[in-house]
Amino acid sequence: MSQASSKKGFGFYVILAAALAALAAGIYFLSIHGTFGLDSTHNGDCYDPLITWLLIGGSLIAVGFTVLKRYGLASAVTAIVPGAALCLFIHKCYWYVVDVFVGIDEKHGFDPRFITFAVLILAAFVIGEVAIYVKKTKNA
């Protein structure tokens, strides 16, 4: 492999951005302990430790693969792991979302913590998907 092909391309930074977004989402979800809306009911408790550890662990694994210059594996991790965590989150928060839409929690609407986490995990997922398709190195 020549020196010229080892220059970092845009995809390298996209991988790091996806890992950073996943790490931020995991830490935020851990800090709020997955409670949204009506904290006194079981429907507001959407915490699953697997979501947290998927996001945090996936971001660390992606950074590790990036350090080892295994950019293809790193981009796969940044795409698959937040997607799996997003699916688990949707499964855990189904009743909370239903309560808001049906009107049980209509005066409050969606909790800002819910919206913040949803934006973070969606950003991690979308950026991870973009990381698969962009070039990781420059061919100069």
Side-chain angles (χ1 to χ4, degrees):
M1 182 181 229
S2 68
Q3 273 303 79
S5 66
S6 65
K7 293 181 181 177
K8 293 171 182 57
F10 179 67
F12 173 81
Y13 299 106
V14 174
I15 291 171
L16 293 181
L20 182 64
L23 182 65
I27 291 172
Y28 184 73
F29 193 66
L30 181 64
S31 70
I32 62 172
H33 204 64
T35 52
F36 310 112
L38 300 172
D39 292 341
S40 61
T41 66
H42 69 283
N43 293 344
D45 184 18
C46 300
Y47 184 72
D48 187 356
L50 186 56
I51 296 170
T52 302
W53 299 120
L54 273 172
L55 291 169
I56 293 173
S59 65
L60 295 177
I61 290 170
V63 168
F65 280 140
T66 303
V67 168
L68 296 173
K69 296 182 180 175
R70 308 290 285 173
Y71 303 126
L73 290 173
S75 62
V77 168
T78 58
I80 294 169
V81 172
L86 180 63
C87 290
L88 286 171
F89 176 67
I90 290 169
H91 176 71
K92 286 295 286 184
C93 289
Y94 173 78
W95 289 112
Y96 172 69
V97 173
V98 167
D99 285 350
V100 173
F101 281 143
V102 170
I104 294 172
D105 198 11
E106 70 182 13
K107 64 182 173 191
H108 299 290
F110 282 111
D111 190 343
R113 294 179 295 182
F114 177 84
I115 294 171
T116 302
F117 179 70
V119 167
L120 283 172
I121 197 169
L122 281 172
F125 176 67
V126 170
I127 296 170
E129 291 295 322
V130 170
I132 290 177
Y133 299 105
V134 292
K135 289 181 78 169
K136 288 26 165 218
T137 57
K138 293 180 183 177
N139 293 331

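These figures come from a predicted structure and were not determined experimentally.
Two different hydrophobic clusters hold Leu23 and Leu122 under the rule that ILVMFWY side chains link at heavy-atom gaps under 4.5 Å. A chain of hydrophobic side-chain contacts below 4.5 Å, direct or via other Ile, Leu, Val, Met, Phe, Trp or Tyr residues, connects Ile90 to Phe29. Linking ILVMFWY residues whenever their side-chain heavy atoms come closer than 4.5 Å, directly or via other members, leaves Leu60 and Val63 in distinct clusters. Val126 is not connected to Ile132 by any chain of hydrophobic side-chain contacts under 4.5 Å among Ile, Leu, Val, Met, Phe, Trp and Tyr, and they are in different clusters.
Separation of atoms OG (Ser59) and CD1 (Ile15) is listed at 13.0 Å; rounding is to 0.5 Å. Between atom CZ of residue Phe117 and atom OH of residue Tyr28 there is a gap of 9.5 Å, rounded to the nearest 0.5 Å. Annotation: the span from Leu73 atom CG to Leu68 atom CG amounts to 9.5 Å, rounded to 0.5 Å. Between the CD1 atom in Ile121 and the CG atom in Leu55 there is a gap of 5.0 Å [rounded to 0.5 Å]. With values rounded to the nearest 0.5 angstrom, Ile61 atom CD1 is found 9.0 Å from Leu54 atom CG. For the atom pair Trp53 CH2 and Leu30 CG, the distance stands at 6.0 Å (nearest 0.5 Å).
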When the side chains of residues 77-89 are checked against the rest of the protein, which donor-acceptor pairs come out under 3.5 Å, sequence neighbours left out?
residue	atom	partner	partner atom	Å
Thr78	OG1	Ala74	O	3.3
Thr78	OG1	Ser75	O	2.9

What verdict does the side-chain contact (heavy atoms from CB on, under 4.5 Å) test give for Thr52 and Tyr47, after you've listed the backbone C-alpha separation in whole Å, the side-chain angles of each residue and the deciding distance to 0.1 Å? CA-CA 9 Å; Thr52 302; Tyr47 184 72; 3.6 Å; yes
